[in-house]
Amino acid sequence: MKKLVFTFFAAVVCFAGFAQNEYAEIARLRAMNGRVAGIRSMNDGEHYTVVEDDNIVRYSYAVAEPGTKLLPRTPVGFGIVDYAFSPDERCLLVAAGRTPIYRHSYTTDYYLFDGTALRRILPQAAMPRDASFSPDGSSIVYSDRNDLYLYDLASGQTRRLTSDGEWNAVINGTTDWVYEEEFGITRAYAFSPDGKRLAYLRFDERDVPTAQMMRFDGKLYGEVFSFKYPKAGETNSTVQLFVADLETGRSERIDTGGESDQYVPRLGFTPDGRLWFHRIDRRQNTFEVLLCEPHGAQRTIYEERAQQYVERVGDNTVTFVDKDRFLVRQESHTGFMHLYLYGIRSGLIAQVTKGDWEVTEVVGVTPRRVWYLSTETSPLRRNLYSVALNGRDKRRLTAGEGFYTIAPSKGMKYYVSTFSSASVPNRAEVCTGEGQSVRILFDSRALQEELETARRPVKEFFAFATERGDTLNAYIVRPRDFDPAKRYPVLLTQYSGPGSQTVCDRWSLDWEDALADKGYIVVSADGRGTGFRGERFKKQTYGRLGALEVEDQLSLARHMAAQPWVDAGRIGIYGWSYGGFVALSCALKGNGLFKMAIAVAPVTSWRYYDTIYTEIYNNLPQYNAAGYDEHAPIRLARLLDDKRTRLLLIHGMADDNVHFQHTAEMARALNRAGKRYDMMVYPDQNHSMMPDDTGNVRQKMIDYTFEHL
């Protein structure tokens, strides 16, 4: 379960037909916030490319000059969704048009630009996806209907590498639903550096239970969409690792261990051509990196164990520096997420970073230094640092007090730094790898001036202590002309999921801010279980999801009710996804504390959610039934005080992530308990209420709040 990310463009499009409403103004302001999207460094480290006006445009990092369009004029509505340079950067592979499969995966049409003409390729592919160049640029590997193919650019011939792919049965080279959603990958193959071998994962999902969604899509008869979805405690795909010899076409299975019920979330090759892969047990409290030697032997070059769980791996959990060394980002040694340098043969070489703060992202690595973002100045902020791989000569490269994101160039010659804070919208500049400013890309000045002219309220940060003595970080947005002699209604907004963060010193604007324009106070707090305050704070919620997080939101509501400028009878709470689970739980457990609650796409029983996300934080239901049932909203419907708490449930019927089943079963439980509630259903919309209703749902929540809070 990934925290919902709202797309600015979608908001503007969705509201083309809504000229008069509060959210349209929020969407307009959001669209004014400058952003640097999709920057990709070229090999020289001196230039980068972005997609602009349905073309790929090259810019210089150091010099402010007009960009160069790299493609000939593209057809109207071409729709570039992705692209890749060949290794020598003489050709471009362009994906245009997108037919979604799930939230991240899609099929597309592929085009090749060789410097003279843009032509469509892969003529034999019916549903191509996840294509990439071979290391020598002579061919392209892609997936089509769950099999892998190799397309030779010179001859135009296609060779099939696997032959047993089948929908809802076997997948080669791409991932199943749960890997895509929870490990954040769709491409499950990797070339060896010499391009002669291709490692890939094979998912056998025939024994995975099938989920079904009804799609209507404006047709006379609806259609059932069936897909494999492993719910907590149920059967996962059996995942195998193969290496194909691209010269002979033969594939060899690689031994990944005796367990069939485990995870292999990453694979690749070292710079000198040795295959490596990650292995995680079903409980997800043991993580290993295994290396395959040329003669067939395997070695575990890194192992991490934790009492509760090892944090889910990502692309920069392990970073190979060269053929002998690699960096690991982990929290098990000290209780805070830090960087460690390991040798493939020698083991731990050095702890690179240390302190009661966390490394949140590895930005770039060279043979001598690593660049990273961290919370060293505050859990609410992010700054860029670089340090030698032996842990010495640490340098802070960003000076602002707020939140930085970084887009690095190859070799860390330059980087594009985007900064914002609660009061300052995005501004971006190009810097050298040593942190010296080169030039400003944009500063969102027009937005800043409009915000100041309108005196739009700004987040104020505070901390408060719960009745149990826990100190929580929070923010408050007060209405314009706030008068402490008056009493205001309050909306709590939160996500609350394990390792997440809502309270951060970063510019943002969403539907809740429309409430501040109408005399409401908006408050958010990150309770126990949220991230960036160390392992102990984060893992308190393990095995009992919905207990401590809900207690902390109830504490926040009581804290706000005690303020002399708050109308204690008008406190509401909202959340989406995990936040919907917590908002709904607060409505049920609040004993009338909340006048209103809005739960969008809420989890109502963790037994209905997927294996990877649920089991890492709650163990398997076979071993922790109480952790699944005691705090499940569907078992607590009788607690709703519907005379004092107005409840709104919202869900998309084509939500492949948190299935509509969650809300349907919640409605059943409330009906049986004789409780009154409201519901808003969005046909054919996914977890993000896309493709059509991202704006509609937000305006609905604004209207509902005005009416019932």
Side-chain angles (χ1 to χ4, degrees), residues 34-72 74 80 82-95 112-116 118 132-137 191 193 195 271 315-316 319-322 327 361-373 382-389 393 395-400 404-419 426-443:
R35 58 194 178 118
V36 180
I39 281 186
R40 300 189 184 181
S41 174
M42 300 194 72
N43 289 339
D44 62 5
E46 299 286 345
H47 297 85
Y48 65 89
T49 57
V50 294
V51 175
E52 289 181 1
D53 300 324
D54 228 2
N55 207 309
I56 299 166
V57 184
R58 181 181 61 213
Y59 289 95
S60 166
Y61 282 104
V63 181
E65 58 187 14
T68 302
K69 292 184 177 181
L70 301 184
L71 298 179
T74 56
I80 297 175
D82 198 7
Y83 68 95
F85 283 95
S86 61
D88 61 7
E89 296 185 335
R90 294 181 180 180
C91 295
L92 273 164
L93 178 64
V94 181
L112 186 73
F113 180 64
D114 59 5
T116 58
L118 182 68
S132 66
F133 281 106
S134 62
D136 64 1
F191 278 102
D315 287 338
N316 62 22
T319 306
F320 281 91
V321 179
D322 49 38
L327 276 170
E361 183 180 348
V362 175
V363 171
V365 180
T366 66
R368 295 186 177 182
R369 300 187 71 83
V370 56
W371 286 254
Y372 62 90
L373 290 166
R382 303 289 185 273
N383 273 282
L384 179 67
Y385 295 80
S386 78
V387 65
L389 292 180
D393 189 29
R395 308 169 191 170
R396 178 175 168 176
L397 303 180
T398 49
Y404 284 91
T405 60
I406 305 296
S409 77
K410 292 285 180 67
M412 287 304 301
K413 291 182 180 180
Y414 300 94
Y415 59 84
V416 175
S417 163
T418 302
F419 169 83
N426 287 351
R427 63 187 187 206
E429 63 180 332
V430 178
C431 299
T432 67
E434 289 76 37
Q436 298 173 335
S437 180
V438 175
R439 62 188 180 92
I440 303 296
L441 290 181
F442 62 80
D443 58 11

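This chain uses plain numbering: 1 for the first residue, then up along the sequence.
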Please find the pair of heavy atoms, one from [X] and one from [Y], that lie closest to each other, and give the distance.
X      : Y      : answer
Leu93  : Phe133 : CB-CE1, 3.5 Å
Glu52  : Tyr59  : OE1-OH, 2.8 Å
Tyr415 : Leu384 : CZ-CD2, 3.4 Å
Pro87  : Ser134 : CG-O, 3.4 Å
Thr366 : Gly411 : CG2-O, 3.9 Å
Leu118 : Pro72  : CB-CG, 4.1 Å

Counting only N and O atoms by type, is there a donor-acceptor contact under 3.5 Å from the side chain of [X] to the main-chain atoms of [Y]?
X      : Y      : value
Asn55  : Thr74  : no
Arg439 : Tyr61  : yes
Asp44  : His47  : yes
Asp114 : Arg90  : no
Ser41  : Lys410 : yes
Thr49  : Ile56  : no
Glu89  : Met42  : no

Could you grab the distance from atom [atom1] of [X] to atom [atom2] of [Y], nearest 0.5 Å is fine?
X      : Y      : atom1 : atom2 : answer
Ile39  : Leu441 : CD1   : CG    : 6.5 Å
Asp443 : Asn426 : CG    : CG    : 11.0 Å
Leu70  : Arg58  : CG    : CZ    : 5.5 Å
Glu46  : Tyr414 : CD    : OH    : 4.0 Å
Leu397 : Thr432 : CG    : OG1   : 8.0 Å

Could you go through Asn316 and Glu361, starting from their C-alpha distance and side-chain angles, then the distance that decides it, and tell me whether this counts as side-chain contact (heavy atoms from CB on, under 4.5 Å)? CA-CA 7 Å; Asn316 62 22; Glu361 183 180 348; 3.6 Å; yes

Working note: Val370 + Thr319, criterion side-chain contact (heavy atoms from CB on, under 4.5 Å); need CA distance, chi angles, decisive distance, verdict. CA-CA 10 Å; Val370 56; Thr319 306; over 6 Å; no

Of Arg368, Arg369, Arg395, Glu434, which meets side chain to side chain donor-acceptor pair (under 3.5 Å) against Ser386?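 Result: among Arg368, Arg369, Arg395, Glu434, Arg369 is the only option passing the side chain to side chain donor-acceptor pair (under 3.5 Å) with Ser386.
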
Using a 6.0 Å distance limit plus a 45 degree cone around the ring axis, check whether Arg40 lies over the aromatic ring of Phe85.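 So Arg40 doesn't make the cation-pi contact.
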
Run Asn383 and Arg396 through side-chain contact (heavy atoms from CB on, under 4.5 Å) and show every step you take. CA-CA 7 Å; Asn383 273 282; Arg396 178 175 168 176; 3.3 Å; yes

